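Model, not experiment: these values are computed from the prediction.
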Amino acid sequence: RSTGKLEAEVNPVHDAKYVVTYTYKVGDQDASKPLELTVHEKFQVEWLPVAPVCQGDAASVEIVKVYPVGTELDWSDNPADEIVSGSISGATFMPIHTGSGVARQTKTYKVIAKNGICQDKPFMINIDVDKPIEGEIMTADKICQYDELSLDASSYQADTYEWKYEEKDSVFTGVTAKLVPDPDYATFTLSMTRGKCSAEVQKYVEVTSAPSVLQVDSIGIRQI
């Protein structure tokens with residue numbers, strides 16, 4: 001046409017060459033015009049599986065494939081307090097557990113592939129993070145000899161509990177425990193795990209010796 005234009009939409013997956021042939025109605029004049037089209041390969045970014053971590057530990061993302069050649073990776077679109085470093089070979093994160101409970105949380109981070117030609121493409125990377133073990137051992141700070149001592153560590157919400165009674169070098173398990181400690185001081189070391197997190201705390205309990213009568217002397221009234 002003398003005005004306007006004709007268009008053809010194509011979706012090539014490789015480099016292609018198109019030939020456009022047009023014919024004039026007047027005089028049956030034919031003409032063709034070749035068009036060579038360069039098609040850039042779509043972005044491919046692959047990484048190794050990332051092992052779960054405990055909050056406070058570093059999680060490493062190892063990139064094993066970046067395609068096509070010349071692609072750059074941009075890690076800047078991530079929380080500044082959680083990304084440590086990023087390059088073409090991978091990134092290091094310090095995931096923060098932001099969930100309301102203690103269940104393992106999946107955090108999602110972004111890496112953007114760029115080559116200055118194709119539209120930037122984001123890739124999402126998931127990393128599992130466990131919440132640190134926090135709580136308090138509920139027990140008395142002081143008891144009397146022969147009284148039973150109760151230990152309760154349920155506030156930590158851990159998966160495993162191992163107690164060590166230091167003075168007797170004895171070990172027992174469970175979230176709670178009951179025992180009759182020896183006089184003086186009773187020292188308990190509690191080791192716990194939940195997912196990739198672990199914690200160790202100590203508790204000291206004073207055990208006061210019970211009063212006792214060692215001897216009773218009788219004195220005659222005329223001796224006073």
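Within a 6.0 Å radius of OH in Y185, no more than 12 heavy atoms belonging to other residues, nucleotides or ligands are found. Atom CD of E148 sits in a crowded spot, with more than 12 heavy atoms from other residues, nucleotides or ligands closer than 6.0 Å. Shown here is E46, whose CD atom has more than 12 heavy atoms of other residues, nucleotides or ligands within 6.0 Å.
Taking both residues in full, the closest heavy atoms of F43 and P68 are given as CD2-CD, 4.0 Å, listed atom of the first, atom of the second, then distance. What you find for M124 and W47 is that their closest heavy atoms are O-CZ2, 3.4 Å. The two atoms that bring P181 and V207 nearest to each other are CG-CG2, 3.8 Å, heavy atoms only. Taking all atoms of both residues into account, the shortest heavy-atom contact from P95 to I127 is CG-CG2, 4.0 Å. Annotation for F123 and A113: closest pair CE1-CB, 3.9 Å, computed over non-hydrogen atoms. Here the closest heavy-atom approach between residue V111 and residue L73 is recorded as CG2-CB, 3.8 Å.
Between the side chain of N115 and the backbone N or O of C118 there is at least one donor-acceptor pair closer than 3.5 Å. Put simply, the side chain of H97 gets close to the backbone of A103: a donor and an acceptor are under 3.5 Å apart. Between the side chain of N78 and the backbone N or O of K110, at least one donor-acceptor pair lies under 3.5 Å. Looking at T173, its side chain never comes within 3.5 Å of a backbone N or O of E162 through a donor-acceptor pair. With hydrogens and angles disregarded, no donor-acceptor distance shorter than 3.5 Å links the side chain of K164 to the backbone of L190.
Of the inter-residue distances, the one linking M192 atom CE with Q157 atom CD reads 11.5 Å to the nearest 0.5 angstrom. Note: M138 CE to S150 OG = 11.5 Å, rounded to the nearest 0.5 Å. Atoms CD1 and OG, from I137 and S155 in turn, are 8.5 Å apart once rounded to the nearest 0.5 Å. Atoms CD1 and OG, from I112 and S76 in turn, are 6.0 Å apart once rounded to the nearest 0.5 Å. A distance of 8.0 Å separates CG of D120 from CG of D74, quoted to the nearest 0.5 Å. Separation of atoms CD1 (I96) and CD (Q55) is listed at 6.0 Å; rounding is to 0.5 Å.
Side chain to side chain, N11 and E9 fail the donor-acceptor criterion of an N or O pair below 3.5 Å. No hydrogens or angles considered: a donor-acceptor pair under 3.5 Å links the side chains of D128 and T106. For the residue pair T208 / Q145, no side-chain donor-acceptor distance below 3.5 Å is found, with atom types taken as modelled. Between the side chains of Q202 and T187, no donor-acceptor pair of N or O atoms lies under 3.5 Å. Under the 3.5 Å distance criterion, with hydrogens and angles disregarded, no donor-acceptor pair is assigned to the side chains of T176 and D152. A donor-acceptor pair shorter than 3.5 Å cannot be found between the side chains of T193 and S198.
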Derivation of the side-chain contact (heavy atoms from CB on, under 4.5 Å) call for Y109 and W75: CA-CA 9 Å; Y109 301 97; W75 301 89; 5.9 Å; no
side-chain contact (heavy atoms from CB on, under 4.5 Å) assessment of I63 paired with S89: CA-CA 5 Å; I63 302 296; S89 60; 5.6 Å; no
Audit row: V53, K196, side-chain contact (heavy atoms from CB on, under 4.5 Å) steps and yes/no: CA-CA 6 Å; V53 296; K196 293 294 182 179; 5.6 Å; no
Step-by-step side-chain contact (heavy atoms from CB on, under 4.5 Å) determination, V201 to E136: CA-CA 9 Å; V201 295; E136 180 183 2; over 6 Å; no
Working for side-chain hydrogen bond (donor to acceptor under 3.5 Å, both in side chains), residues Q105 and T98: CA-CA 8 Å; Q105 182 183 19; T98 56; 2.9 Å; yes
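The pair R104-D130 meets the salt-bridge criterion, with a side-chain N (NZ, NE, NH1 or NH2) lying under 4.0 Å from an Asp/Glu carboxylate O. With salt bridges taken as basic N to acidic carboxylate O contacts below 4.0 Å, none links R194 and D159. The pair K203-D141 counts as a salt bridge, with a side-chain nitrogen and a carboxylate oxygen less than 4.0 angstrom apart.
By the rule that hydrophobic residues join a cluster once side-chain heavy atoms approach within less than 4.5 Å of another member, V69 and I88 end up as members of separate clusters. Residues Y146 and L151 do not share a hydrophobic cluster, defined by chaining ILVMFWY side chains whose heavy atoms lie under 4.5 Å apart. In the hydrophobic clustering of this structure, V175 does not group with V102; members are Ile, Leu, Val, Met, Phe, Trp, Tyr whose side-chain heavy atoms approach within less than 4.5 Å, directly or through other members. M94 and V129 fall into different hydrophobic clusters, where Ile, Leu, Val, Met, Phe, Trp and Tyr are joined by side-chain heavy atoms under 4.5 Å apart, directly or via other members. Residues V50 and V84 are members of separate hydrophobic clusters, defined by side-chain heavy-atom contacts under 4.5 angstrom among Ile, Leu, Val, Met, Phe, Trp and Tyr.
Taking the six-membered ring where tryptophan is involved, the planes of F188 and W163 are perpendicular, since the angle between them exceeds 60° and thus also 30°.
A 4.5 Å side-chain heavy-atom check between F93 and I125 finds every atom pair outside the cut-off. Two residues are said to be in side-chain contact when any heavy atoms from C-beta on lie closer than 4.5 Å; D147 and L149 fail this criterion. A 4.5 Å side-chain heavy-atom check between S212 and L214 finds at least one atom pair inside the cut-off.
For the salt bridge (charged side-chain N to carboxylate O under 4.0 Å, His left out) test, residues two or more places apart in sequence or in another chain that qualify with K168 are D182. Partners of E200 by salt bridge (charged side-chain N to carboxylate O under 4.0 Å, His left out), not counting sequence neighbours: none found. Considering only residues two or more places apart in sequence or on other chains, K131 meets the salt bridge (charged side-chain N to carboxylate O under 4.0 Å, His left out) condition with none of them.
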